[in-house]
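Quick notes on the structure that follows.
Every chain is numbered from 1, with letters handed out A, B, ... down the list of sequences. What you see is a predicted model; the values in this text were computed from it and never measured.
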2 protein chains.
Amino acid sequence: MTQRIEGKRIAILAADGFEEAELFQPKEAIEQAGGEAVVVSLKPGEIEANRHREKGKAVAVNATIDAVSASEFDALMVPGGLFSPDALRKEEKVRNFVHDFFAQKKLVGSICHGPQVLIDADVVSGRKMTAIENIRTDLSNAGAKVVDEEVVVDEGLITSRTPKDLNAFCSKLVEEICEGKHAAQAQSA
Amino acid sequence: MTQRIEGKRIAILAADGFEEAELFQPKEAIEQAGGEAVVVSLKPGEIEANRHREKGKAVAVNATIDAVSASEFDALMVPGGLFSPDALRKEEKVRNFVHDFFAQKKLVGSICHGPQVLIDADVVSGRKMTAIENIRTDLSNAGAKVVDEEVVVDEGLITSRTPKDLNAFCSKLVEEICEGKHAAQAQSA
């Protein structure tokens, strides 16, 4: 990866039960490109991954949702797993935090079940995006234009389907962070 | 429980990762009232519960989705848990099976995340129902009239929110099975 993103701060929003590879692989891609990945969660301490139904590795929480605002970050990444988005989506502070990234025209990446959080943040209507097959009816009912592609970029919203798309997702995420605010978003801002 | 439901066959539709109490407690309530509970799943063998993120007890699969039709049953019950409804909702045979219970005006009970399966079966529009808080936006986007009550009965559709509602849910489920097809459904049939 030749793109460098020194000085960029990316919030990774997750809770217990995030899908292991969907947090760690983007986190490593961000850090290897020189960016700062900040794990934001509901409570301090650490959160533990799942590998589907099995328990996985833990990661340290760098900041709680109470202590952060979108204005501190250049981008947001929301991994999947079943328990993490399910816990996050019902929290008003999470919904407001996610909504603010869209209001501030900042990059947002999400994969697998992660877009469930975007549904509750009320930011998917009219957006071209993808996700794991299992939640596509919910995305479509929320107004998204759902497609079945490895990685989809729609004006700064980057989405992928499952862990097998992670290479493409991470490359596109770093590439878009490197470019900064998406041209189309900047024009409409 | 004084109501008796001898001769009634109730399909319990689940997959690995069903929430333990949400399958076993209704199953026991059905059997104690004299009914037959038939665990229907995607594959033969047994399926294993979760207790939230922990693994739980297994239950034997009595029939696979390939081998059953709604016409063989008097009612359907869909428990929650995160992995079970998530796996079921994307299977066309499951969606058709669930849809047929509604087309045949038969009783359907569901709790917690179970109603995710009803969203994909395209049967929630216009129905008064409840579910766990986390999926209420999805139900509302699918056209349901979502309320926050212990147990909701709407023309043969019985729904509850979480395991703490199981006593009320099981009582209502057995009561409605005992009564047979709901009066309002029978009238409109």
Side-chain angles (χ1 to χ4, degrees), chain A residues 14-20 42 47-58 80-92 94-95 98-99 112-126 131-144 146 148 161-162, chain B residues 14-20 42 47-56 58 80-92 94-95 98-99 112-126 130-144 146 148 161-162:
Chain A
D16 283 321
F18 64 87
E19 185 66 25
E20 188 176 88
L42 303 174
I47 51 177
E48 187 183 55
N50 269 41
R51 290 188 297 272
H52 196 58
R53 280 185 68 222
E54 305 303 317
K55 299 281 186 78
K57 285 196 294 182
L82 271 73
F83 288 101
S84 174
D86 187 71
L88 292 168
R89 67 188 308 199
K90 73 184 181 68
E91 299 297 329
E92 186 176 6
V94 167
R95 295 194 297 260
V98 173
H99 193 275
C112 207
H113 289 79
Q116 290 181 317
V117 181
L118 308 187
I119 291 175
D120 280 85
D122 198 18
V123 292
V124 308
S125 184
I132 193 167
E133 181 186 356
N134 315 47
I135 67 162
R136 287 187 199 157
T137 301
D138 297 333
L139 282 172
S140 180
N141 285 342
V146 182
D148 182 15
R161 300 167 302 188
T162 66
Chain B
D16 282 322
F18 64 86
E19 185 65 26
E20 187 175 88
L42 304 174
I47 51 176
E48 187 182 57
N50 270 40
R51 289 187 299 272
H52 197 57
R53 280 187 66 222
E54 304 304 318
K55 299 280 187 79
L82 271 74
F83 289 100
S84 174
D86 187 71
L88 293 168
R89 66 186 308 196
K90 74 184 179 68
E91 300 297 329
E92 187 177 6
V94 167
R95 295 194 296 260
V98 173
H99 193 275
C112 207
H113 290 79
Q116 290 180 317
V117 181
L118 308 187
I119 291 174
D120 280 85
D122 197 19
V123 292
V124 307
S125 183
T130 194
I132 193 166
E133 181 185 357
N134 314 48
I135 66 163
R136 287 188 198 156
T137 301
D138 298 332
L139 282 172
S140 181
N141 286 341
V146 183
D148 182 16
R161 301 168 301 189
T162 67

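Chain A forms more heavy-atom pairs under 4.5 Å with one residue of B/Asp122, B/Thr137, B/Leu82, B/Asp120 than with any other, namely B/Leu82. Ranked by heavy-atom pairs shorter than 4.5 Å toward chain B, the options A/Asn50, A/Asn141, A/Asp138 are led by A/Asp138. With respect to chain A, the highest number of heavy-atom pairs below 4.5 Å among B/Ile119, B/Leu88, B/Asp86 belongs to B/Asp86.
Partners of A/Glu54 according to the salt bridge (Lys or Arg N to Asp or Glu O under 4.0 Å) rule, which considers only residues two or more places apart in sequence or in another chain, are B/Lys55.
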(request) Apply side chain to side chain contact (heavy atoms under 4.5 Å, CB included) to B/Arg53 and A/Glu48, showing your working. (result) CA-CA 10 Å; B/Arg53 280 187 66 222; A/Glu48 187 183 55; 3.1 Å; yes

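Proximity to chain A is limited to the side chain of B/Arg89, based on heavy atoms less than 4.5 angstrom apart. For B/Glu91, no part sits under 4.5 Å from any heavy atom of chain A, backbone or side chain. In this structure, the portions of A/His52 lying under 4.5 Å from any heavy atom of chain B include both its backbone and its side chain.
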